[in-house]
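To keep things clear, I will list the structure first and then write my remarks on it.
Proteins come first, then strands; the chains are lettered A, B, ... in the order of their sequence lines, and each starts at number 1.
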Amino acid sequence: MSETRDYKPTLNLPKTSFPMKANLAQAEPATLARWQSADIAGAIATARKTATPFVFHDGPPYANGSIHVGHLLNKVLKDIVVRSVLMEGRGCHYVPGWDCHGLPIEHRVMTGLVESGKAAKLDTLSDDHRRMAIRRECAAYATKFIKSQSVQMQRLLTLADYANPYFTMQPQYEAGTLEVFAALLEQGFVFRQLKPVHWSIANQTALAEAELEYEDRVDPSIYVDFEAVDRAKVDAVFGVECACTASFMIWTTTPWTLPANLAIAVHPAQQYALVEMDGALTIVAAEMLDKVAKIAGAAAVRTLATARGSDLVGLEYHHPFCDRKSRIVAADYVTMEDGTGLVHTAPGHGDDDYRTGLREGLEIYCPVQGDGTFDGTVPEWLRGKLVWDANGLVVEYLRTSGHLVHELKFSHSYPHDWRSRTPVIFRATEQWFIGVDRPGNRGGQSLRAMAMDAVNNSIKFVPQWGHSRMKGMIENRPDWCISRQRAWGLPIPAFRMATDSVFMTAASVRAVAECVRTKGSDAWFTLSPAELLATYDASSDPDAPTDLAIDALTKMYDIFDVWFEAGSSWNSVLRQRAIGFPADLYLEGSDQHRGWFQLSMLPALGVTGTNPFRTLLTHGFLVDKDGKKMSKSAGNALDVDVILKDFGAEVARWWVSGVAYDGDIRIDLDYFKVAGESYRKVRNTLRFLLSNLYDAPPWTQEEATARATAATPESIDGWLMGELAALESEARAAYNEYDFRRVHLAIFNFCNETLSSVYCAAVKDRLYCDTADSPRRRQTQAVARVAMEVLCRLLAPFLPHTAEEAWMALRGSDAPLLFAQTHLDLAAIGGVTAVRDPRWSAVMTARSAVSKALEGAKSLGIDNPLDAAVTLPDPRGSLAPFEKELADLCGVSQVTLDAKATIVTVSDLRSQPRCDRSWRRDGTVRQRSDGGMLSDRDALSVGV
RNA sequence: GCGCCAGUAGCUCAGCUGGCUAGAGCACACCCCUGAUAAGGGUGAGGUCGAUGGUUCGAGUCCAUUCUGGCGCACCA
């Protein structure tokens, strides 16, 4: 045995500065800092200044707390859109936004004020001053979280105009919102109407759900008979003849609401019984009869007849103590759990009742005033009485008049004002609404009709099922109540006149908007009506009331529902900042069908007649690995900081890019491990390509592309160029359809299979062993270079940091900005190799057959494929054109084709000499002048 | 309770208008390589397609019912 010479120094072994280990947690912040100091966002904007803009609009997250994994998903998806659009050569001015007003912040601020004892001091201030004090705290709170969330979102490597974000509390934004409102007013969509709200008597204010605390409370629970008006009609319904008139028995735990009773609701599908109970004739649900009889302690109960609830509808009854007749109505919310199956309905005192009242055309009657006392419309013995005292009075009255069937004490949980800890009541108050069924003044169409038309005809939904979901919601939605009785928000600029009527016209709102544009909505609390209306001219306002006296006006204090503000962003951001309208895309979680999507549609359609977005993309919600929803209380919530620290933003982004975002998305730290491994696979593949380019000539991109596309179709390089072109068009098509998962899989598959498993393995020998500047090696380097050019661009939307890191390793530190590049478009560049050659499928099939055969040959002792030669059957000659490349492709030393063979045969080459340099036994190996055993090719390379 | 959606190998997902022994990647097992090396390659095992019933010559694929989970709405006088 001659000792083998060490030829390693003569090889062109790979070299690169692109490290195998990404070290993302440290490297990403550095990249981010570089982007910020170099103003990458500005540079990209400049590069795309004249390009066709893609109008993409950010839905504002709420400025509260730390970002969670839901934000991560949402913001990364959006960023993938932004960057993929840029890579297509379009411009995209993406402005991040925040929703600032509203109860969650005010609630937290108030809690803080109560705890610190400052709240009591506030109560001593005048209304305007007190509200301003609260608003200042709230604004500071919102500002703080906007800042921290902005930092967190940028840490996700997202690209947006973070220097000029929008907040719903910015004066210009507020003015834009008011202008939307003015236009809706002008179109006739806005009106004022009674609606029941939770009302705190102690604080004389409406409360939101979040301001309620539920505590146990004991109330009288009473069963009351309401006597039917027409005995004959009742008899007819039940098919009997009675000697006296029956009564409808209802149950309630709020006797004080009985004066406002305007209907009794029954379930249309339930059976109701006409019964004789201790001599009295009464009607209750058949199913509830035994229970009611038992509670009432009735001795003799006899059912005379039964009828369906729907048959009772329309029957009338006398109110037991108010002078009026009302009727039986149907409602499917009537249940058979408590009570009598007949539900006392007071549209002014309950939400269900209110809906029923609206549907039945009943008055929204509320005889209770803000201080909890009855007004003059009730019987004299109740007038001026507090509702809590009225409970006992009503019970006593009914007992005396013989309408009370039974009374007991009932303990239940009841809402209380969280601040005063006093029980609240449900009371109808005047609220502002946007009507969805009112015809607009411009085209006579209602908002609902316009929205349905947009949903059915002009919006593209991704995924498709968004269409039916949105449609269902538009069909069913009630009028939009846009007023709230809070301090932290944009005031609805209405005034009360001396006559007590309300003054607010499109022109007056615009005047206030002008004021707000410069001074902010605080102006409403700091200025007088005359100052607010400084630019208002009643004489040119066709809607101005004739008796208008500006000096006599007083400000009203309702604020807008925050959804109205967010729903005006298409105006306050897209139009005011001249970004473009309508937007090409809105992208949010599927909960926003009810929220931002719909509440942007309605104002925009009402004001402009145009839907604010062309395409609607929705993603599902994150759930844990068992499919359960995430919540802090369940302890299954993932911390974004932990993900960033353990895996880095790039791995998180890579995970997002591969997720099936329609429907629920399971998330778990383990999934990031998986994503991390696949990220590393992609990274290493890039690294291999880069490492073999260290000595490539300094081709321009065009030179490299020209050279790469010149590869012969029958070469491995030619094959790869076809695959590369196919990848590029497939990925771009999928990006354009927002099918990021398809892009992700295509790229991964290309790196893992096409490159790592096939191409890199096949081409290694020539890269390492051929003479450095041999045409064959340079050809491969050109292809590797183009593959890098393509991959960096395709990966940039998913992995901006890694793609740029690779890009700079490829192009050097003076490389042009990756994010200002556009795709190569190999298919358009043309050349025979820029398209997939179908003849290659036979080659690839043969290649896997060889793999299997080699596996079998291991039992013969042929462990190393380079110790083997294979004979491939080629009856049709389909492999012949590729003969030169087959050995490299299969990783063996020799391949011969045999037209007559039927199976792959492996022969043992271990008795033949092995090249000391390339380790191949290609039949040309012999001792050379330097004493080494070398093949012809290697001898040439070494120069011996 | 109502509307929308999902339920296919351990995991993430393909399976279009119903049609050969249900596919991929990861993980796993075994093996190779040691000149991509805290890398790379090969082979293989693994599924009663949530359940039940139906339509059909034939269903993961259509229909009905049901279970589980998610989002939104409603939630009781």
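- Side-chain proximity of A:Arg741 to B:rC13, B:rA77, B:rC26: nearest is B:rC13.
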Can you tabulate the close N/O pairs, meaning under 3.5 Å, that link protein atoms to atoms of nucleotides 9-11 of chain B?
unit_1: B:rC11; atom_1: O3'; unit_2: A:Tyr671; atom_2: OH; d: 3.4

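- On a pure distance criterion of 3.5 Å, no polar donor-acceptor pair joins the side chain of A:Arg469 and the base of B:rC5.
- The side chain to side chain donor-acceptor pair (under 3.5 Å) search around A:Tyr223 returns none, not counting sequence neighbours.
- Proximity of A:Lys681 to the phosphate of B:rG40: a side-chain N or O atom is located under 4.0 Å from OP1 or OP2.
- Phosphate proximity of B:rU37 to A:Arg687: present, with a side-chain N or O under 4.0 Å from OP1 or OP2.
- Considering only the side chain of A:Asp351, B:rC75 comes nearest among B:rC75, B:rG35, B:rC4.
- An OP1 or OP2 oxygen of B:rG35 is reached within less than 4.0 angstrom by no side-chain nitrogen or oxygen of A:Tyr7.
- Whole-Å rounding puts the A:Arg683 CZ to B:rA39 P distance at 13 Å.
- Residue A:Lys764 places at least one side-chain N or O under 4.0 Å from the OP1 or OP2 atom of B:rA36.
- Side-chain contact annotation: A:His349 with A:Thr254, donor-acceptor N/O pair under 3.5 Å absent.
- In this structure, B:rU17 forms no base pair with any nucleotide, since neither Watson-Crick nor G-U wobble geometry is met with both distances under 3.5 Å.
- Residue A:Asp352 is classed as a sugar-phosphate contact, given heavy-atom separations below 4.0 Å to backbone atoms only.
- Side-chain contact, A:Arg920 with A:Ser935: no donor N or O sits under 3.5 Å from an acceptor N or O.
- The partner of B:rU52 is B:rA64, by the rule that a Watson-Crick or G-U pair needs both atom distances under 3.5 Å.
- Checked against salt bridge (charged side-chain N to carboxylate O under 4.0 Å, His left out), A:Arg683 has the following partners two or more places apart in sequence or in another chain: A:Glu805.
- A salt bridge does not link A:Glu475 to A:Arg477: none of the charged nitrogens lies less than 4.0 Å from a carboxylate oxygen.
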Report all interatomic pairs (protein N or O, nucleotide N or O of nucleotides 27-30 of chain B) with separations under 3.5 Å.
unit_1: B:rA27; atom_1: OP1; unit_2: A:Glu677; atom_2: OE1; d: 3.3

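- A:Thr252 comes within 4.0 angstrom of sugar-phosphate atoms only, judged by non-hydrogen atoms across all strands, and of no base.
- Within residues 752-759 of chain A, the residues having any heavy atom under 4.0 Å from RNA chain B are, by residue number, A:Asn752, A:Ser756, A:Ser757.
- Positionally, the nearest nucleotide of RNA chain B for A:Ile665 lies more toward the 5' end than for the other of A:Phe748 and A:Ile665.
- Take A:His406 and apply the ring-ring contact (aromatic ring centres under 6.0 Å, His included) test, not counting sequence neighbours, and it matches no residue.
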